[in-house]
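Since this is a predicted model, take the numbers as computed values, not measurements. Lettering of chains follows the sequences in order, A, B, ..., and the numbering in each one begins at 1.
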Amino acid sequence: MGLYRLTETSMTPKLAKPTIRLGASAVTGRSHISSGKGCEDAVAFRRFRRNAAMPSAAYIALADGAGSAPEGFAGANLLVGLIGRMIHDNRKIVLDGGEEARRFLHSGLHEALVSEASRLRHPLRDLASTLLFVYLDRDDGRYIAGHIGDGVIVIRENDSCAVLSPPDKGEFANETVFFTSSSASVRLRLYTGIATSNIGFMLMSDGTADSLYGKRSGELAAACGQVFLWFENYPEKMASEALANSLNSLIAKNTHDDCSIAIMQTIGGKFDRLASEHQEAV
Amino acid sequence: MRYQKADLVLRQQDLIENPSTRVPVCLVLDCSPSMSGDLRYGSAIEQVNPRPIDALNNGLAEFYKEINADEVARYAADVAIVAFSGSVEVVQDFQAIRDQTPPRVELEMAHGGTSLGTAVSRALDLLELRKKDFKSAGVDYWQPWLVIMTDGRPTDETHVEAARKSSELANDRKLTILPIGVGDGVDMDILASFSPKRPPVRLQGLKFRELFQWLSRSISSMSQSMPGEKIQTDTSLLEKWASID
């Protein structure tokens, strides 16, 4: 019997990709309940399945329609519904971030808002809304996050939470920048990176930030870490229900504003980039 | 893994307690001898009880009462009172008025005159200091209000510079100014010089109570406003106490 030298290729185990758990919730604020207005926060999340041309990916998005904008919710809803597909279909332009990505995303979303405003027969400013989003490539771990206006984006890496993007507010409590603002193209903040291990993202609107983000210190509430652990340790449906309950029964009680939140948490597996690094190391 | 539902609950102690958002309101109130209603000190507003100064103080008490009855405004209102005649007194620096009784604004009989400009300048200084305090403490605040109330004409020239400063703030949308004339002896043009965005109004008789009720409701609306929302003041309530010349 001879000894055979086994090649690296045949020895290399196939590593599973991470599972991505997603959840989101929005609750009408007390001031809107008493005035008969509906919730003006919109949230969205979606997985994109791998095919021959495209990798698998996921995104979360959250937008807060402006209080003064009669069609603020329409603007918010359009933005959260559109941003994920826009990034996914144009990954090559967008995932590297930078000025080109900012221009591309701003002009695409702006054009969509103009078209929707025309359809609704309202001026563009009536669809004013903030926007927060994160898109993660499940194959190679690359991500892009974007933010315009108030609210907060949180990142969780190595079991530790940090603020990725703080609120962009004016001097007064009711001042922020919206996607329809003339300065939106320069005030749209983009953040790119590559996940090196399991990673989590949280988007929160201004109302939710009242309970989860310290305005003076910039620190995050312990609740942020707990919510990520829910999505790490429990089935997505169970964690999502807990998230909605917490928003409704606790967080919304601390403010008069609408409250919304979106979570993305990866578990297990390895991103392809790391898998290939692992192979090289063998 | 065993699922423990108790793990899926957040508690108040897991959250952050941010200070409530404030509405700074500075009341600049004429307490010159003419506010006694006595004809010797200029045209009388009304020669009936109560005296104008008493009606003003009653209105102020109503303001405190209405603010404290509002669930949101009582945590938001942050009030300073500057009284003036020929001299200026800070009756109350900015403070929360939750569960507080209002101070009494007394007639200033010793120093005649009406140094409206000095009073407004002092009020603007107090506002700037208060905003600095808020910023360093991480306290959010809405656009401040400056309410100017007088029943006479300025007796010095300090109003020129003060009006320039207040107008600049109003034009930059840093300040909401509400100038109010009381009685017939007011120079409404000088009052108007303080407020380029909102013309002065004349108080109907001694309707201070109605004025302060309107003011408390405006502050309540502001304290519940959301980002991007314009604050609409209740014009139907305004008409109950104000006449626009």
Colleague: With a 4.0 Å cut-off on N to O distance, would you call A/E175 and B/R173 a salt bridge?
Modeller: no
Colleague: Could you state the interatomic distance from CG (B/L8) to OG (A/S240), rounded to the nearest 0.5 Å?
Modeller: 10.5 Å
Colleague: To the nearest 0.5 Å, what is the distance between CG (B/L10) and CG (A/L212)?
Modeller: 8.0 Å
Colleague: Take atom CZ of B/R130 as the centre, draw a 6.0 Å sphere, and report whether it contains more than 12 heavy atoms from other residues, nucleotides or ligands.
Modeller: yes
Colleague: How many angstroms lie between CG in A/D150 and CG in B/D140, if you round to the nearest 0.5 Å?
Modeller: 10.0 Å
Colleague: Based on non-hydrogen pairs under 4.5 Å, which of B/V139, B/T21, B/V72 is most in contact with chain A?
Modeller: B/V72
Colleague: Against chain B, label A/E219 side chain, backbone, both or neither, depending on which of its atoms sit under 4.5 Å from a heavy atom there.
Modeller: both
Colleague: Around B/E161, counting heavy atoms of other residues, nucleotides and ligands shown, do more than 12 lie under 6.0 Å from its CD?
Modeller: yes
Colleague: Is it the case that over 12 heavy atoms from other parts of the model lie below 6.0 angstrom from the NZ atom of B/K65?
Modeller: no
Colleague: Is it the backbone or the side chain of A/Q226 that comes under 4.5 Å from a heavy atom of chain B, or both, or neither?
Modeller: side chain
Colleague: If you measure from NZ on A/K253 to CG on B/L15, what distance do you get to the nearest 0.5 Å?
Modeller: 13.0 Å
Colleague: Side chain from CB out, backbone as N, CA, C, O: work out which of these in A/S246 comes under 4.5 Å of a heavy atom of chain B, or both, or neither.
Modeller: side chain
Colleague: For the backbone of B/S136 and the side chain of A/R216, can you confirm whether one donor and one acceptor N or O come within less than 3.5 Å of each other?
Modeller: yes
Colleague: Among B/A137, B/S20, B/P19, which residue has the highest count of heavy-atom pairs closer than 4.5 Å to chain A?
Modeller: B/A137
Colleague: Counting only N and O atoms by type, is there a donor-acceptor contact under 3.5 Å from the side chain of A/D210 to the main-chain atoms of B/N18?
Modeller: no
Colleague: Would you mind telling me which of A/S249, A/S211, A/G225 has the largest number of heavy-atom pairs within less than 4.5 Å of chain B?
Modeller: A/S211
Colleague: Sort B/K174 into side chain, backbone, both or neither according to what part of it lies under 4.5 angstrom from a heavy atom of chain A.
Modeller: both
Colleague: Heavy-atom distances under 4.5 Å only: say whether B/Q13 touches chain A with side chain, backbone, both or neither.
Modeller: neither
Colleague: Does the side chain of B/V9 reach to within under 4.5 Å of the side chain of A/L250, using non-hydrogen atoms?
Modeller: no
Colleague: More than 12 foreign heavy atoms under 6.0 Å from CZ of B/R122: is that the case here?
Modeller: no
Colleague: Could you tell me whether B/Q204 atom CD has more than 12 heavy atoms of other residues or ligands within 6.0 Å of it?
Modeller: yes
Colleague: Which region of A/L220, side chain (C-beta onward) or backbone (N, CA, C, O), has a non-hydrogen atom less than 4.5 Å from a non-hydrogen atom of chain B, or is it both or neither?
Modeller: backbone
